[in-house]
Amino acid sequence: MKQLRRIHAKMIVTGLVLEIAAASRLIQFCSSSPCGDLHYAFSVFTQIAEPDVFLWNILIKGYAQSRETAKAISLYREMLRRSFRPNEYTFPVLLKACSYVPGTGTSVQGHVLKTGNDAVVEVQNSLICMYSRSGRVESACKVFDTSSQRDTVSWNSMLDALTNSGDMDSAWSFFNSMPQRNDISWSAMINGCVNNGLFMKSLELFEQMQVQNVKPNDRTLAGLITACSNLGALEQGRWIHAYIERTELRPSLVLSTALIDMYAKCGCIEAARAIFDETRNRDLVTWNAMINGQAIHGNAKQALALFDEMVECSLTPDGITFAGVLSACSHAGLLEKGQEYFYLMTGTHRITPDSGHYGCMVDLLGRAGRLSEAEQLIKAMPVKPESSVWGALLNACWVHGNTEMGARAGRVLMELDPENSGRYTLLSNIFAKAGDWNEAALVRKKMKEKGIRKTPGSSLIELNGSLHEFVMGDQLHPDIEHICKLVDDLTAEMATSYDKERSEALDLEDQEEIL
DNA sequence: AGACCGCGAC
């Protein structure tokens with residue numbers, strides 16, 4: 001930009017700015033280069049008496065790409081007002097902006113027809129994407145079905161629209177009927193599976209993709225890593241990591257971030273940290289992955305240190321950053337710190353907290369025994385509290401033995417989350433703790449009547465490449481005796497420092513369920 | 001003269 005300004009100055013002196021060809025190059029650079037400056041481009045643009053369609057187009061593109069969608073659209077309106085005729089290059093960039101501004105897409109489609117650009121394949125494809133992004137699959141389908149010509153992009157865009165809508169059955173048959181597939185088709189299908197929770201399926205697809213000799217791109221690999229995070233499939237995750245190191249000189253930022261998240265979620269916080277330390281040009285998402293990873297592992301100190309470090313690097317935290325920071329505070333019971341961050345988030349950064357943020361605050365206040373403040377906070381929430389928020393309060397009521405508030409929270413939870421057996425158990429335990437055995441039994445009866453059963457707890461662990469699964473109460477593991485002995489020893493060790501109040505004896509059935 | 005469509009990790 002510095003050099004560019006110098007050139008611009010020279011152009012003004014020589015009168016070259018008035019030459020539209022020269023000025024165009026200047027504006028093109030400012031609006032599309034990553035180190036450019038959109039406002040600068042705009043100010044040069046405004047000084048041109050007779051801009052051409054090309055100039056309008058690249059400015060609209062600049063705004064659409066930098067997410068200033070409203071500005072992109074108002075620029076387009078201005079262009080029409082000044083009687084410029086949009087061409088085949090105008091619509092693809094404009095429609096990108098339209099996906100984010102409700103109600104604009106359909107009228108732009110009208111302009112496409114009126115200006116005779118409806119047969120241009122890029123324009124048709126952009127329409128499909130626009131409808132897909134605005135959640136209107138049927139309209140996307142209609143454009144696809146009636147389009148005069150289709151290229152690979154058309155098919156891929158339509159596939160993407162189908163997976164976005166969650167209709168994976170249609171997506172499957174569409175994928176199988178495609179006349180040609182490239183790496184992007186495969187990555188669209190793999191990511192579609194991941195986004196719809198079909199993690200195993202996505203790994204299977206990757207195998208097929210390799211059989212067919214299609215080279216995975218960054219998007220494919222990022223999707224697969226996400227699948228591994230969700231499955232806790234560390235070994236597969238490691239394999240993909242090794243694959244990346246084998247095939248790329250340095251993993252892209254997106255891949256590094258996905259790997260950090262995967263290792264953290266699979267329990268390898270050190271591996272996550274190692275990648276984080278090696279990652280250059282970390283962005284907000286990278287920091288968020290690491291902060292949330294430390295929070296998951298209960299490392300409050302590290303999470304908060306990372307937050308400070310991130311701010312020092314002049315990055316602006318967002319709602320996800322604070323989700324990690326607050327949950328770290330909540331795990332460690334750091335009430336004052338948590339409050340500090342909550343005010344930093346809402347006051348300084350003007351971020352609207354979601355249910356998760358409130359859940360952390362309710363948990364913090366509740367554990368500290370400040371139950372009425374916790375309840376007040378829920379009542380003052382501008383968004384509808386999810387069940388987890390009331391769950392945090394119910395838990396606090398159990399810890400601190402507040403029966404009345406517990407009953408109130410319990411009632412809300414029976415409405416909000418009637419299938420969750422844990423809530424019934426906790427509420428019943430609150431009554432039992434207060435000696436109100438009638439109420440305790442009543443809650444249990446209601447639970448039985450509704451046929452709610454406890455989902456058996458299960459855990460998976462991968463050790464030296466083989467998977468060990470434990471389901472609540474099973475005795476199937478070959479080493480079960482050894483494992484139980486170790487658990488007993490650990491329990492005994494913990495009991496010595498266990499909060500006396502919480503270990504208060506209830507009847508045997510209750511004890512089982514709490515554990 | 002110069003450009004346009006498919007992909008977003010927390």
Side-chain angles (χ1 to χ4, degrees), chain A residues 19-29 31-32 52-62 64-65 67 86-96 99 117 120-130 132-133 140 143-144 147 149-161 163-164 178 181-192 194-195 216-227 229 251-262 264-265 272 276 279 282-293 295-296 317-324 356:
Chain A
E19 297 280 331
I20 197 161
S24 287
R25 298 228 179 254
L26 196 78
I27 293 168
Q28 188 178 8
F29 174 83
S31 67
S32 61
D52 57 7
V53 179
F54 172 78
L55 272 176
W56 285 100
N57 289 350
I58 53 173
L59 263 177
I60 292 172
K61 181 187 175 194
Q65 277 177 345
R67 297 276 167 114
N87 63 12
E88 58 187 304
Y89 295 105
T90 316
F91 293 112
V93 290
L94 177 67
L95 286 164
K96 202 172 246 175
S99 351
N117 285 297
V120 180
V121 70
E122 286 90 349
V123 176
Q124 289 171 345
N125 294 343
S126 303
L127 280 166
I128 294 172
C129 287
M130 183 274 293
S132 157
R133 277 194 275 249
V143 176
F144 180 83
S147 55
Q149 48 169 328
R150 294 175 198 134
D151 60 9
T152 319
V153 179
S154 322
W155 285 87
N156 288 343
S157 306
M158 195 54 230
L159 176 63
D160 214 56
T163 64
N164 278 344
M178 283 171 70
R181 290 183 211 143
N182 59 12
D183 59 326
I184 292 168
S185 327
W186 284 91
S187 74
M189 200 58 215
I190 286 175
N191 280 287
V194 173
N195 293 332
N217 59 27
D218 264 24
R219 281 282 306 139
T220 323
L221 296 166
L224 292 166
I225 297 167
T226 308
S229 317
S252 69
L253 185 61
V254 172
L255 285 185
S256 299
T257 304
L259 285 170
I260 291 167
D261 177 60
M262 186 274 293
K265 292 223 174 96
F276 179 80
T279 305
R282 302 164 193 150
D283 68 1
L284 179 64
V285 186
T286 318
W287 284 92
N288 283 353
M290 197 62 233
I291 290 172
N292 277 281
I296 294 169
D318 68 356
I320 294 166
T321 321
F322 282 106

Student: Among dG6(B), dG2(B), dC5(B), which nucleotide has an atom closest to any side-chain atom of Phe54(A)?
Tutor: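 Looking only at heavy atoms from C-beta outward on Phe54(A), the closest nucleotide is dG2(B).
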Student: In this structure, how many angstroms lie between the P atom of dC5(B) and the CG atom of Asn156(A), rounded?
Tutor: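 Value for this atom pair: 15 Å.
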Student: Report which part of the nucleic acid Asp52(A) touches: base, sugar-phosphate, or nothing (heavy-atom distance under 4.0 Å, all strands).
Tutor: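 If one applies the 4.0 Å heavy-atom cut-off, Asp52(A) turns out to touch a base.
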Student: Using a cut-off of 4.0 Å on non-hydrogen atoms, how would the nucleic acid contact of Ser157(A) be classed: base, sugar-phosphate, or nothing?
Tutor: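 Sugar-phosphate contact only - Ser157(A) comes under 4.0 Å of backbone atoms but never of a base.
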Student: Mark yes or no for whether Ser132(A), through its side chain, and Ile128(A), through its backbone, hold a donor-acceptor pair below 3.5 Å.
Tutor: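 Not a single qualifying donor-acceptor pair exists.
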Student: So, do Phe54(A) and Gln28(A) sit near enough that their side-chain heavy atoms are less than 4.5 Å apart?
Tutor: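 The answer is yes, as the side chains (C-beta and beyond) meet within the 4.5 Å cut-off.
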Student: Rounded to the nearest angstrom, tell me the gap between atom CZ in Arg219(A) and atom P in dA9(B).
Tutor: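 One finds 7 Å between P of dA9(B) and CZ of Arg219(A), rounded.
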Student: When the distance from CZ of Phe91(A) to P of dA3(B) is rounded to whole Å, what number comes out?
Tutor: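 Rounded to the whole Å, the gap is 19 Å.
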Student: Side chains of Thr279(A) and Arg282(A): do they bring a donor and an acceptor to under 3.5 Å?
Tutor: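 There is no such pair (donor and acceptor under 3.5 Å, judged by atom type) between the side chains of Thr279(A) and Arg282(A).
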Student: Counting only side-chain heavy atoms from C-beta out, which of dG6(B), dA1(B), dA9(B) sits nearest to Val153(A)?
Tutor: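 Ranking dG6(B), dA1(B), dA9(B) by closest atom to the Val153(A) side chain puts dG6(B) first.
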Student: Looking across every strand, which nucleic acid part, if any, lies under 4.0 Å from Leu127(A) by heavy atom: base, sugar-phosphate, or nothing?
Tutor: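 It contacts nothing in the nucleic acid.
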Student: Check every atom of dA9(B), dA3(B), dG6(B) against the side chain of Cys129(A) and return the nucleotide holding the closest atom.
Tutor: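 Given the options dA9(B), dA3(B), dG6(B), the side chain of Cys129(A) is closest to dG6(B).
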Student: To the side chain of Ser126(A), which of dA9(B), dC5(B), dA1(B) is closest?
Tutor: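 Within the option list, the nearest is dC5(B).
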Student: To the side chain of Gln28(A), which of dA3(B), dG6(B), dC5(B) is closest?
Tutor: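 Of all the options, the side chain of Gln28(A) is nearest to dA3(B).
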Student: Find the distance between CG (Asn117(A)) and CD (Gln124(A)) and round it off to the nearest 0.5 Å.
Tutor: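 Answer rounded to 0.5 Å: 10.5 Å.
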Student: Within the 4.5 Å heavy-atom criterion, are Ile225(A) and Asp261(A) side-chain neighbours or not?
Tutor: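 A side-chain contact under 4.5 Å is absent here.
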Student: Nearest-Å distance, CD (Glu88(A)) to C1' (dC5(B))?
Tutor: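 In whole Å, dC5(B) C1' and Glu88(A) CD are 12 Å from each other.
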Student: By nearest atom, which of the nucleotides dG2(B), dC5(B), dG6(B) is closest to the Asn125(A) side chain?
Tutor: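 Closest of the options to the side chain of Asn125(A): dC5(B).
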Student: For Ile320(A), report the nucleic acid contact type (base, sugar-phosphate, nothing); a contact means any heavy atom under 4.0 Å.
Tutor: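 Answer is base: heavy atoms of Ile320(A) come under 4.0 Å of a base.
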Student: Which whole-number value in Å describes the distance from Ile58(A) CD1 to dC4(B) C1'?
Tutor: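 Taking CD1 of Ile58(A) and C1' of dC4(B), I get 13 Å after rounding.
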Student: Counting distance alone, no hydrogens or angles: does the base of dA9(B) have a donor or acceptor under 3.5 Å from a partner atom on the side chain of Asp283(A)?
Tutor: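 Looking at the base of dA9(B), it does pair with a donor or acceptor on the side chain of Asp283(A) (distance under 3.5 Å).
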Student: Please state whether the phosphate of dA3(B), meaning OP1 or OP2, lies under 4.0 angstrom from any side-chain nitrogen or oxygen of Lys61(A).
Tutor: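 So the side chain of Lys61(A) is outside the cut-off, no N or O lying under 4.0 Å from OP1 or OP2 of dA3(B).
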Student: Measure the distance from CG on Asn195(A) to C1' on dA9(B) and round it to the nearest whole Å.
Tutor: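 Rounded to whole Å, this separation is 11 Å.
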Student: Could you check which of dA9(B), dC4(B), dC7(B) has an atom nearest any side-chain atom of Val254(A)?
Tutor: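 So the nucleotide nearest the side chain must be dA9(B).
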Student: Find the distance Met290(A):CE to dC10(B):P and express it as a whole number of Å.
Tutor: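 Value for this atom pair: 15 Å.
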Student: How many Å lie between CZ on Phe322(A) and C1' on dC10(B), as a whole number?
Tutor: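 These atoms are roughly 15 Å apart.
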Student: If you take atom types as modelled and just measure distance, does the side chain of Asp261(A) reach the base of dA9(B) with a donor-acceptor pair under 3.5 Å?
Tutor: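 For Asp261(A), whose side chain was compared with the base of dA9(B), there is no donor-acceptor pair (under 3.5 Å).
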Student: At what distance, to the nearest 0.5 angstrom, does CG of Asn164(A) lie from CZ of Arg133(A)?
Tutor: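 Atom-to-atom, Asn164(A):CG and Arg133(A):CZ are 9.0 Å apart.
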Student: With distance as the sole criterion, do the side chain of Asn217(A) and the base of dG6(B) form a donor-acceptor contact below 3.5 Å?
Tutor: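 Answer is no: no donor-acceptor pair is held.
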Student: So what does Asp218(A) touch, heavy atoms closer than 4.0 Å: a base, only the sugar-phosphate, or nothing?
Tutor: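 The answer is nothing, as Asp218(A) stays clear of every strand by at least 4.0 Å.
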Student: Using a 3.5 Å distance criterion without hydrogens, assess whether the side chain of Asn87(A) forms a donor-acceptor pair with backbone atoms of Thr90(A).
Tutor: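 Indeed, once roles are kept as given, a pair shorter than 3.5 Å links the two residues.
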Student: The side chain of Tyr89(A) is closest to which nucleotide in this list: dA9(B), dA1(B), dC4(B)?
Tutor: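 The nucleotide sitting nearest to the side chain is dC4(B).
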Student: Classify Ala21(A) by what it touches in the nucleic acid, base, sugar-phosphate, or nothing, heavy-atom distance under 4.0 Å.
Tutor: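 Since a base atom lies under 4.0 Å of Ala21(A), the category is base.
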Student: For Thr257(A), which contact category applies under a 4.0 Å heavy-atom criterion: base, sugar-phosphate, or nothing?
Tutor: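 Base: the residue Thr257(A), judged by heavy atoms under 4.0 Å, touches a nucleobase.
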